[in-house]
Amino acid sequence: MTEASVREFKMPDVGEGLTEAEILKWYVQPGDTVTDGQVVCEVETAKAAVELPIPYDGVVRDLHFPEGTTVDVGTAIIAVDVGGGSAAPAAERPAAGQPAAAAPAEEPKAAGSGRQPVLVGYGVATSSTRRRPRKGPEVPVQQASTAIQTELNGHAPAAPAAPPAAALAAPAGTERPLAKPPVRKLAKDLGVDLTTVVPTGPDGIITREDVHAAVAAAVPAATEPQVAPVPAAVQAPASYDTTRETRIPVKGVRKATAAAMVGSAFTAPHVTEFVTVDVTRTMKLVEELKADKEFTGLRVNPLLLIAKALLVAIRRNPDVNASWDEAAQEIVVKHYVNLGIAAATPRGLIVPNIKDAHAKTLPQLAESLGELVATARDGKTSPAAMQGGTVTITNVGVFGVDTGTPILNPGESAILAVGAIKPQPWVHKGKVKPRQVTTLALSFDHRLVDGELGSKVLADVAAILEQPKRLITWA
């Protein structure tokens with residue numbers, strides 16, 4: 001095997017203009033044989049989790065980063081020997097996450113292009129991305145504990161006995177402890193040397209709790225300040241987290257969602273209208289459709305008929321299906337509906353959409369909804385599935401919530417929130433009876449949807465859900 005036969009696969013831009021992605025899982029290890037198109041890892045971007053296929057045939061020589069590392073687009077993440085040779089012997093191979101000893105060959109550029117070839121998206125610039133150099137040596141844990149004691153007692157504590165040299169030495173064969181950037185920053189702020197911290201995270205990764213434990217362990221018990229006992233009535237329970245705070249890094253989907261919602265809330269003037277409606281007949285139709293052979297194997301629920309009702313309302317009021325072009329100062333009316341469905345996932349809120357939902361029959365819409373929900377639940381929603389939406393439904397009723405004021409998905413003009421469906425006393429045919437009732441809320445962009453248009457759309461959705469036969473008469 002020669003260095004010339006080693007190809008470096010770089011982190012591609014798997015979305016439009018994304019700058020980084022976190023490696024969630026490696027599916028291969030050094031020494032494994034890979035083929036062109038084989039998935040080698042799963043990464044999470046600001047939009048979704050994506051599986052990356054390798055564009056080479058060969059043998060994996062090195063994984064440059066461990067799982068959980070955020071890598072800039074354009075940075076080499078895996079080295080593959082494409083020369084037909086075997087991988088380096090186990091004793092010579094660097095551990096996953098450590099760079100190879102020799103600089104690998106550069107990947108060839110696309111002909112006539114100033115950008116590196118990538119699998120998906122627009123690609124990345126030719127300039128390489130480098131890590132920021134470390135500013136200086138980390139302060140030992142003992143200095144942190146001294147500072148803490150000085151702050152508490154007003155004077156520096158007596159120096160404790162020096163720990164054995166072996167306890168401070170870095171683990172054999174480890175050049176850099178494994179820890180995520182926020183944990184490294186925490187350690188730096190507290191003056192903790194990560195090489196002295198015992199990791200408890202998966203695959204030997206140091207967690208925030210490990211850093212706090214290292215600080216606590218470094219404080220000598222004999223010099224702890226004497227504090228008046230706290231009355232039992234105000235003492236925290238034994239299970240209470242005495243650190244009192246937990247900080248969660250905002251990245252990936254959560255970071256993108258936060259930025260998008262702030263941009264939407266302070267760019268589009270939101271208006272929200274509400275209507276409470278008797279959906280008893282809709283709930284009966286749901287049960288009838290479940291028994292219909294046309295829906296065998298499909299998931300039929302109220303959301304299916306609500307989605308169809310919204311599509312019919314849009315067909316009757318097409319101007320609501322639009323977007324605002326700020327640069328051209330124009331309203332762009334869409335003659336198609338890409339129906340977004342807000343989905344809560346472990347990685348955060350995402351809004352994949354059903355392309356051309358307006359052209360689907362009810363069974364086809366049920367099939368598309370089922371696929372969308374299953375894909376989102378598995379964390380496999382692609383960036384393309386979340387682009388190009390025109391209007392959105394968010395079902396807050398699944399959490400037992402009656403209603404809300406939903407924020408528009410950026411670039412869209414309307415979003416419908418569906419509240420919990422539950423029995424309530426309702427005047428039906430002149431008598432008070434228990435009926436299945438829900439509250440709908442429609443938020444819209446008042447720059448392009450005025451009160452009349454927004455009210456008509458919401459009233460049409462409510463009328464269809466109250467009398468679902470209008471799905472036929474209004475079709």
Side-chain angles (χ1 to χ4, degrees), residues 20 22-24 26 44 63-72 75 94-99 129-227 236 238-252 254-255:
E20 63 183 17
E22 179 183 353
I23 298 175
L24 296 179
W26 282 109
E44 182 184 32
L63 307 180
H64 295 329
F65 298 95
E67 295 173 357
T69 304
T70 299
V71 181
D72 291 334
T75 303
Q98 301 300 328
T129 305
R130 297 183 179 179
R131 291 181 176 178
R132 293 191 297 270
R134 303 174 79 175
K135 294 183 180 179
E138 293 173 324
V139 182
V141 176
Q142 185 55 46
Q143 294 186 22
S145 67
T146 301
I148 294 173
Q149 290 302 302
T150 302
E151 180 70 20
L152 292 173
N153 297 343
H155 60 82
L168 297 178
T174 301
E175 296 182 3
R176 190 171 187 236
L178 300 180
K180 294 186 177 182
V183 177
R184 293 186 183 281
K185 183 179 185 303
L186 173 66
K188 181 179 179 181
D189 293 343
L190 295 179
V192 176
D193 183 355
L194 288 178
T195 61
T196 67
V197 178
V198 179
T200 62
D203 300 323
I205 294 178
I206 297 174
T207 65
R208 299 179 64 88
E209 290 72 19
D210 297 336
V211 174
H212 286 298
V215 173
V219 179
T223 59
E224 291 183 356
Q226 299 299 316
V227 182
S239 60
Y240 189 76
D241 182 3
T242 55
T243 61
R244 298 181 68 83
E245 293 182 351
T246 298
R247 293 180 177 266
I248 302 174
V250 179
K251 58 182 180 179
R254 292 183 185 274
K255 183 176 181 180

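Note that the structure is a prediction, hence the values are computed from the model and not measured.
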Nearest-0.5 Å distance that lies between atom CD in E20 and atom OG1 in T69: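 It comes to 12.0 Å.
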Of the non-hydrogen atoms in [X] and [Y], which two are nearest, and what is the gap between them?
X    : Y    : value
G204 : P199 : O-CB, 3.4 Å
T207 : G201 : CG2-CA, 3.9 Å
F65  : W26  : O-NE1, 2.8 Å

Among T195, L194, V198, side chain to side chain contact (heavy atoms under 4.5 Å, CB included) partner for I206: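 Testing each of T195, L194, V198 against I206, the sole residue satisfying side chain to side chain contact (heavy atoms under 4.5 Å, CB included) is L194.
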Sidechain-backbone polar pair: D210 side chain, T200 backbone, donor-acceptor under 3.5 Å: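 Yes: the side chain of D210 pairs with the backbone of T200.
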